[in-house]
Amino acid sequence: MTKKVFLIKAAELRPGCARKIDIEGGDLALFNLEGKFYATSNLCTHATASLADGEIVGGDCVACPVHFGEFHIPTGQAMSFPCTVDLRTYKVIEEGGDIYADLDEESEEAASAI
Amino acid sequence: MCKNEKPINFKPPRQKAALDDLDQYVNMAEGRMSRKVFWERDIYEQELEKIFARVWLFLGHVSQIPKAGDYVTTSMGEDDVLVVRQKDGAIKAFLNTCPHRGNRVCFSEVGNARGFICNYHGWSFGIDGALRGMHESGAYEASGFDKSQHGLHEVAQVDSYKGLIFGTLDPAAPPLKEYLGDFAWYLDTLLDMDGEGTEFIGGCVRSVMKCNWKFGAENFAGDVMHAGWTHDSGAKAMLGGAVPELDKCAGDSYHVNVNGHGWEFNLDKVGNSATFGDKEVRRYIHEIQPKVAERLGHTRSMMIGSISSATVFPNMSFLPGQNTFRVWQPRGPDEIELHTWTLVNKSAPEEIKERYRRGTMITFSPSGVFEMDDGENFEYSTRSNRGRVTREQDLFLGLGIGTRIEHPELPGNVFQGQINEANQRAYYQRWLDFMKAESWDELPQR
Amino acid sequence: MTITTEIAGRSAVDAATAYQLETFLKREARLLDTERYDDWLAMLADDIHYWMPSIESRRRANNGGATHLPGRMAYFDDFMEHLQKRVARFKQPTAWAEDPPTRHTHVISNVEAYAGEAEGEYLVYSTFVNYRSRVETDNDLLIGRRTDVIRATQDGLRLARRKIVITQTLLQAKNINTFL
């Protein structure tokens with residue numbers, strides 16, 4: 001079963017950038033890491049903060065803009081203090097220049113991470 | 001002794017200790033000043049307000065914070081500040097205190113951060129000072145809290161001159177360039193020898209002296225005279241001989257000052273550099289001097305390592321060619337924090353930089369063979385004034401009255417002869433100007 | 001029963017050696033207390049490196065929270081020639097801040113000795129309390145730890161390396177007119 005929702009057109013989000021996208025039941029953060037798209041929940045698991053407003057660091061992590069804890073974007077894993085709870089990730093689907101997320105599936109990286 | 005008979009040069013205590021007496025405290029035309037400016041708490045509080053809260057103060061060197069998020073903490077008077085490199089390369093400074101309940105925000109001296117989080121209630125600030133979030137943020141939202149109004153308090157103006165970062169807490173202060181005025185011409189001797197700029201060697205030595213902050217500043221502004229006496233032991237240890245009698249070559253030496261900033265020097269090229277007793281450092285100065293002459297002219301090229309010292313009003317000092325660089329941070333009328341660094345030309349060979357690091361350490365640091373004797377002088381020049389009657393006895397600062405000359409090349413006020421107190425007088429005159437002036441418009445050009 | 005102590009693959013020295021090393025450090029402290037600086041210099045190896053870094057307060061996230069690193073500002077980063085110059089100043093009659101003399105006490109404790117990296121060298125840890133008094137009211141207290149390399153030579157033990165780490169980032173004294 002899939003719950004596929006349209007996010008944006010791929011051309012609208014440049015590599016190295018992130019955007020907050022309103023979806024039903026909460027916000028989602030979409031990241032473009034060197035042309036590959038990743039989606040996570042936008043709310044930091046530590047405190048109230050929009051991760052899409054954070055800084056992409058070390059190529060594949062996002063630093064929360066409020067307390068500067070980091071998450072690994074592809075897997076959602078909490079990487080540094082004060083974040084301890086992993087982020088929810090979503091499977092991203094690219095179709096003809098459109099970006100979708102499957103809200104029922106985790107990212108492939110998260111699914112395969114131990 | 002009959003009761004009307006008083007020793008000469010002895011004043012009884014006055015009852016009044018008031019700020020409206022300031023003109024009597026500093027009479028530079030006569031070379032006479034009161035000791036009260038080194039001791040009295042109400043004068044000190046006025047200094048924090050009239051001087052430290054207004055003038056351009058040294059905050060750091062750009063080389064200390066090269067990357068976005070790099071920061072150093074320091075103070076402006078007794079106000080603690082955080083100096084941070086921004087993402088766009090600009091430098092901002094903030095009071096190091098949380099606007100919520102006032103706790104200190106950053107406890108480290110130096111580092112790199114994405115932002116600063118107050119330990120008390122978790123207020124989190126970006127490197128731009130903006131409030132990003134708070135612990136329990138929902139409660140703030142419920143009370144209609146506007147984050148944009150509660151960032152870190154920003155230092156009114158920050159600017160730099162050839163690598164030196166300055167800030168002023170006064171939005172009405174004139175631009176830094178104007179504040180330095182013609183003194184910048186002299187500063188280039190230190191900061192712009194070859195167009196490659198300067199840098200601080202890593203780290204800082206911080207120590208406490210129980211002295212008034214002005215003693216160190218006036219000493220570096222003009223007092224080379226103390227070197228031959230105070231530092232005789234250091235000179236003999238480092239050089240195997242006494243400091244030469246500088247008055248004998250007064251023709252080639254000067255006091256110059258601009259708006260209270262002072263630089264005393266001769267033109268011997270390497271005198272200060274020689275204090276390390278290190279041939280390689282002297283050789284370095286000899287080697288670079290011809291190129292400096294091409295860039296800055298012969299006179300300034302002969303100042304790069306000469307016997308000299310300087311103070312930028314009110315509390316930043318250095319020894320050209322010797323390269324100790326320091327700030328006398330006030331901590332009450334009778335205590336300072338002395339922060340010292342070593343400044344070097346970026347282009348200097350690594351081995352020369354290393355020699356400067358060791359050289360400044362062994363001469364002008366708390367363990368240095370020169371500074372040890374300075375510290376005691378500054379402390380006891382301060383402490384004697386605790387005596388209620390002692391405090392009423394004026395101090396002499398009249399050496400070299402009448403030595404002012406016109407010079408075809410040197411800008412500012414020029415005085416013949418390095419053994420002089422002209423710069424110290426100019427320093428205290430400027431001190432008086434600031435203490436009396438209610439606004440920048442009232443300040444005379446000196 | 002034999003008790004062996006190892007740290008990072010190094011063995012603690014035997015009791016007789018430990019006693020000699022500890023006596024060496026106590027003697028050194030006494031020479032410094034009594035301003036016998038030439039005798040003190042004679043306890044040092046010619047290749048001495050005597051290092052007392054300036055201490056910085058940093059967040060743990062920066063440089064692992066290291067309080068000191070080589071090549072930065074220091075109180076001492078001396079070789080023999082530098083130490084000799086410092087001693088030369090102490091001996092001048094014009095060393096004003098030494099006359100009247102400062103009264104010193106160096107207290108040495110927590111001595112821990114291991115075999116060193118080179119043959120005939122020992123790695124010796126210790127802590128110190130240094131209390132200096134001058135004229136009526138100047139009293140300065142410094143506390144810290146030292147890491148020494150002490151070398152056995154034909155002429156006896158010699159101090160070859162010393163690292164001195166004090167607790168203060170802001171030195172609560174106008175000078176350090178002693179050795180630690």
Side-chain angles (χ1 to χ4, degrees), chain B residues 73 106-113 200-211 229-240 242 276-278 336-342 353-354 357-363 365-380 383, chain C residues 50-63 65-79 81-99 102 134-138 140 142 164 168-180:
Chain B
T73 54
C106 179
F107 283 77
S108 64
E109 294 168 34
V110 55
N112 180 277
F200 273 179
I201 281 171
C204 176
V205 170
R206 302 181 186 214
S207 57
V208 169
M209 277 190 192
K210 294 193 178 74
C211 70
W229 188 259
T230 293
H231 297 312
D232 181 71
S233 62
K236 284 179 176 154
M238 295 304 292
L239 309 169
F276 300 162
D278 183 333
I336 64 164
E337 271 180 35
L338 172 55
H339 297 182
T340 69
W341 302 266
T342 303
K353 292 178 184 174
E354 181 63 4
R357 183 177 71 87
R358 283 210 160 84
T360 49
M361 171 195 70
I362 197 174
T363 53
S365 81
S367 67
V369 297
F370 291 98
E371 191 158 294
M372 277 192 228
D373 294 298
D374 278 328
E376 187 143 293
N377 290 341
F378 299 165
E379 286 199 351
Y380 282 88
R383 201 177 304 177
Chain C
Y50 184 93
W51 182 39
M52 178 173 171
S54 164
I55 306 299
E56 293 175 295
S57 109
R58 283 173 178 270
R59 287 184 60 81
R60 292 179 193 275
N62 288 137
N63 294 348
T67 60
H68 57 280
L69 292 168
R72 294 173 72 82
M73 297 292 279
Y75 299 103
F76 296 91
D77 199 340
D78 286 18
F79 301 120
E81 58 178 301
H82 304 108
L83 293 168
Q84 285 168 337
K85 282 175 177 165
R86 295 178 192 276
V87 166
R89 172 186 167 273
F90 282 132
K91 291 157 75 175
Q92 296 298 327
T94 51
W96 310 120
E98 315 306 326
D99 193 13
T102 302
R134 190 158 158 64
V135 289
E136 303 87 6
T137 55
D138 292 2
D140 294 315
L142 276 178
I164 302 151
Q168 297 170 355
T169 58
L170 172 64
L171 181 77
Q172 301 290 316
K174 62 178 170 292
N175 68 27
I176 302 180
N177 65 339
T178 185
F179 299 101
L180 299 163

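Residue numbers begin at 1 in each chain, while the letters A, B, ... track the order of the sequences. All values below come from the heavy atoms of this structure, side chains included, with hydrogens, waters and symmetry mates left out. Just so it is clear, the model here is predicted, and its values are computed rather than measured.
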* To do: Would you mind telling me which of C/Gln84, C/Glu81, C/Gln168, C/Arg59 has the largest number of heavy-atom pairs within less than 4.5 Å of chain B?
  => C/Arg59
* Checking B/Phe276 against chain C: side chain, backbone, both or neither under 4.5 Å from a heavy atom? -> backbone
* Asked: Between C/Arg89 and B/Asp373, does at least one N-O distance fall below 4.0 Å, as a salt bridge requires?
  -> yes
* Do C/Asn175 and B/Ser367 have a side chain donor and acceptor closer than 3.5 Å? -> no
* **Lys/Arg N to Asp/Glu carboxylate O, C/Arg134 vs C/Asp99, below 4.0 Å** => no
* Asked: Highest number of heavy-atom pairs under 4.5 Å with chain C: which of B/Phe200, B/Trp229, B/Trp341?
  -> B/Trp229
* Asked: Counting heavy-atom pairs under 4.5 Å to chain C, which of B/Asp232, B/Asn377, B/Thr360, B/Ile362 comes out on top?
  -> B/Ile362
* Structure fact -> d(C/Phe179 CZ, C/Tyr50 OH) to nearest 0.5 Å is 6.5 Å
* If you tally heavy-atom pairs under 4.5 Å against chain C, which of B/Lys236, B/Met372, B/Met209 wins? -> B/Met372
* To do: Would you mind checking if B/Asp374 and C/Lys174 are paired as a salt bridge, meaning a charged N to carboxylate O distance below 4.0 Å?
  => no
* Asked: Could you state the interatomic distance from CZ (C/Arg72) to CD1 (C/Ile55), rounded to the nearest 0.5 Å?
  -> 11.5 Å
* Asked: If you count heavy-atom pairs under 4.5 Å between each of B/Thr342, B/Ile336, B/Leu338 and chain C, which one has the most?
  -> B/Thr342
* **Test item: side-chain donor near acceptor, B/His339 and B/Glu337, under 3.5 Å** => yes
* Per the side chain to side chain contact (heavy atoms under 4.5 Å, CB included) rule, which among C/Glu98, C/Lys91, C/Gln92 passes with B/Ser233? -> C/Gln92
* Please state whether the side chain, the backbone, both or neither of C/Phe79 comes within less than 4.5 Å of a heavy atom of chain B. => side chain
* Could you tell me the separation between the CE atom of C/Met73 and the CZ atom of B/Arg357, rounded to the nearest 0.5 Å? => 8.5 Å
* Contact origin within C/Val135 toward chain B - heavy atom pairs under 4.5 Å -> side chain
* Asked: Is it the side chain or the backbone of B/Phe107 that comes within 4.5 Å of chain C heavy atoms, both, or neither?
  -> backbone
* To do: Count the heavy-atom pairs under 4.5 Å between each of C/Asp78, C/Asp138, C/Leu69 and chain B, then report the option with the highest count.
  => C/Asp138
* Structure fact -> Checked C/Gln172, C/Glu56, C/Arg86 vs chain B; the most non-hydrogen pairs under 4.5 Å come from C/Arg86
* C/Thr169 versus chain B, the contacting section by heavy-atom distance below 4.5 Å -> both
* Structure fact -> The reported gap from OG in B/Ser365 to CZ in C/Phe76 (rounded to nearest 0.5 angstrom) is 7.5 Å
* To do: Begin from the C-alpha positions of B/Val369 and C/Phe90 and carry the test side-chain contact (heavy atoms from CB on, under 4.5 Å) through to its verdict.
  => CA-CA 9 Å; B/Val369 297; C/Phe90 282 132; over 6 Å; no
* **Heavy-atom pairs under 4.5 Å with chain C, option from B/Asn112, B/Thr340, B/Ile201 with the top count** => B/Asn112
* Structure fact -> Per-residue tally against chain B (heavy atom, under 4.5 Å) across C/Arg58, C/Met52, C/His68 peaks at C/Arg58
* May I ask you to name which of B/Glu376, B/Arg206, B/Lys210 has the most heavy-atom pairs under 4.5 Å with chain C? => B/Glu376
* Contact class of B/Glu379 relative to chain C, heavy atoms under 4.5 angstrom -> side chain
* Given a strict heavy-atom distance threshold of 4.5 Å, which part of C/Ala173 is in contact with chain B: side chain, backbone, both, or neither? -> backbone
